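Working notes, structure below.
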Amino acid sequence: MSKKEYEQSHLYKIRHSAAHVMAQAVLEMFPKGKVAIGPPIEDGFYYDFDLPRALTTDDLKAIEKRMRNIIKKRHTFARRELSAEEAKEIFADQPYKIELIEGLETGGVDEYGEALPAGETPVISIYKHDTFADLCKGPHVENLGKINPKAIKLLNVAGAYWRGDENRQQLQRIYGTAWEKPQELKDYLARLEEAKKRDHRKLGKELGLFSIDAENLGGGLVLWQPKGGLIRHIAEEFCKNEHLANGYDMVYSPHIGKSALWETSGHLDFYKESMYSALDIDGQEYYLKPMNCPFHILMYKNDLRSYRDFPLRYAEWGTVYRYERSGVLHGLLRVRGFTQDDAHHFCREDQMPEEIDFVLKFCLHILRSFGFENFHAYLSTQPPEKSVGEAAQWRAAEKALEEALQRANIPYDVDEGGGAFYGPKIDLKISDAIGREWQLSTIQFDFNLPERFDMSYIGSDGKEHRPYMIHRALMGSMERFFGVLIEHFAGAFPVWLMPTQAMLIPIADRHVKYAEKVAAQLKIAGLRVEIDDSNDRMGNKIRKAQKQKIPYMLVVGDKEAEENTVAIRLRSGENLGPKPLDEFAAMALEAVEEKRSV
RNA sequence: GCCCUUGUAGCUCAGCAGGUAGAGCACUUCCUUGGUAAGGAAGAGGUCACCGGUUCAAGUCCGGUCGAGGGCUCCA
């Protein structure tokens, strides 16, 4: 369902109406409470309140109960349009509503304070049910009988700033969810449970993939433990080889650079709040790099460039450091130090469409190799205010991006005016195994840096020209990519990525010798194999391997040792029975080759 | 950074009218040699995040600091 369709849907009305009911319930409990705004959101709704005290989980339960009682009375929703004066009278003791009404009065914003499309004048309307009237443009259900009291639930309370501005009043936001049928609510709650089980922070700990030691090391700084490190190594090796096979040059650059570099690039003007403070080296200021581009540009400028050199593709697994406010750090998904699979393309204008086509295809190839199949792109075009570069350049670049998306047959939305000041871009989001979207890849034009660094090449006309520059990251950052990968596969990675691909499970001590022989052979065949020679019974060895999500469990006992076989159990629980060793090796290697799971 | 919640053994958690720390799993050792998700026993492991206060006495109450979780804002 698209955003537009959602806003037309019955479900949207249910949620919007549930938000009003919640506001009524809260005001009944806190007559002096102030209400802010309460829109439907994906999967539910929220409402912001300014209350005399902090809400507890018991309050949530009480509010929820009250909501059910209100709903059962099946009040009808009545819409009424009114003048600003009258609205101000009605909401005289609701300062947030007054502010919204004033916004509507002067025009340009809707009742949530969001900017309206030019030329649209807002109509002031209220919706009233029972004792509660709210400034609202609707739509709502006709009456509360349309809401199933068993299909709503309040989820949590969180802080939120009035109008998202941290300098203004902080409000209490209650999040709730509402559905048409109780079963849908149940399914939704089950999805939340499933998401919790897949949480990469939990799995990262359980599977020994990575750790973050905020106390001793620092928040947002990731330690890749051996198993996670191995997965990263395999992923990087694959990707780097693909890059080399596709016309990229692999480059390396240092982690710091002189302040002059960042002045030229403009980062110290526009990006300083995301950069760490300067290091003093022999009286000179150096900065930790938040981006790799200036380095690649210096590499470009190291030589006189000819139009014949293009396209030039510099790729680097570049580790960058960006200041993120402590409250936003989140596992691997939001960190302070991370490694981008970064690259910069330099080309001529006439090559640009082809270059975009290439990079998008290459990007999809990489993502598909890791098991992502569903993509959604967002094309962001020139912002209406302040941007660099000529309009013709922007149009040509936007056209190239859009046509590449069409050729690649990727569904996309256009975010008019959503581009950065320095160029249009494509952000590519992937959907994971349980339907959540994650942004990984970005392909972005840059009309700014070539100018700032005065980059040039000699064209066929013998004159100097400015090259086109394209930034791109496919996996985005290794950290975020890994986090998404963990959640996508719930830790059960495809065989080629598993740190341990097969666990040998000797039934008794006397079978360890045979297991060692088998392990040695499988290692020679190129598989990553371990032996569980612990004192546990077979059942527990299987349990341990299963919990580690090891794809193949190879049970060996008297029978197997005698017949030179292994009894194969898959992590799916399927038991394939005894198979000759080379048959197993061929089977596992095929799964590796095809980047399949089991 | 801000608001709410929160911080006890490697992990998951109990301990609560304030009276000198507990369980399960994991770990070590021993017994057991067992055919597809937990065999048994013993042992070791914690200055209850840190600093300060109240008290005869603080894991437990109060204040501060440092972390974590859910959000806001932002983003690879």
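Keep in mind that this is a model prediction, so the values were computed, not measured. In what follows, every chain begins at residue 1, and chains take the letters A, B, ... in the order their sequences are listed.
Bracketed by its first and final contacts, the part of RNA chain B lying under 4.0 Å from non-hydrogen atoms of chain A reaches from B/G1 to B/A76 in 5' to 3' order.
Here, B/G67 and B/C25 have their C1' atoms 25 Å apart, quoted to the whole Å. B/G64 and B/C3 have their P atoms separated by 11 Å, given to the nearest Å. Atom name P, nucleotides B/C72 and B/A9: the rounded distance is 31 Å, in whole Å. B/A41 sits 10 Å from B/G24 when the P atoms are compared, rounded to a whole Å. Taking atom P in both B/G46 and B/G53, the straight-line distance is 26 Å, to the nearest Å. Separating the C1' atom of B/C31 from that of B/A14 is a span of 31 Å, rounded to the nearest Å. Taking atom C1' on both nucleotides, B/C61 is separated from B/C48 by 16 Å, rounded to a whole Å. Comparing B/U29 with B/A21, their P atoms sit 29 Å apart, to the nearest whole Å.
Within 4.0 Å (heavy atoms only), A/Y175 reaches sugar-phosphate atoms of the nucleic acid but no base atom. Residue contacts for A/A508: at a heavy-atom cut-off of 4.0 Å it reaches a base atom on one of the strands shown. Within 4.0 Å of A/Q548, counting heavy atoms only, lies no atom of the nucleic acid at all. When heavy atoms are screened at a 4.0 angstrom cut-off, A/R480 is found touching base atoms of the nucleic acid.
The residues A/D558 and A/R510 are annotated as salt-bridged, a charged nitrogen and a carboxylate oxygen being separated by less than 4.0 angstrom. The pair A/R232-A/E479 meets the salt-bridge criterion, with a side-chain N (NZ, NE, NH1 or NH2) lying under 4.0 Å from an Asp/Glu carboxylate O. A salt bridge does not link A/E193 with A/K197: every distance from a Lys NZ or Arg NE/NH1/NH2 to an Asp or Glu carboxylate oxygen is 4.0 Å or more. Electrostatic pairing of A/E563 and A/K559 does not count as a salt bridge here, judged by no charged N lying under 4.0 Å from a carboxylate O.
When all heavy atoms of A/I531 and A/M503 are compared, the pair lying nearest together is C-SD, 3.9 Å.
For the pair A/R173 and A/Y46, the cation sits on the ring face: its NZ or CZ lies under 6.0 Å from the ring centre, inside 45° of the axis.
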Working note: A/H471 + A/Q444, criterion side-chain hydrogen bond (donor to acceptor under 3.5 Å, both in side chains); need CA distance, chi angles, decisive distance, verdict.
CA-CA 5 Å; A/H471 306 258; A/Q444 184 142 22; over 6 Å; no
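Annotation: of the two residues near RNA chain B, A/G573 and A/A473, the 5′-most nearest-nucleotide partner is A/G573.
B/A58 is unpaired under the criterion used here, namely a Watson-Crick or G-U wobble arrangement in which both key atom distances are under 3.5 Å. Under the Watson-Crick or G-U wobble criterion, with both distances below 3.5 Å, B/A41 is paired with B/U29.
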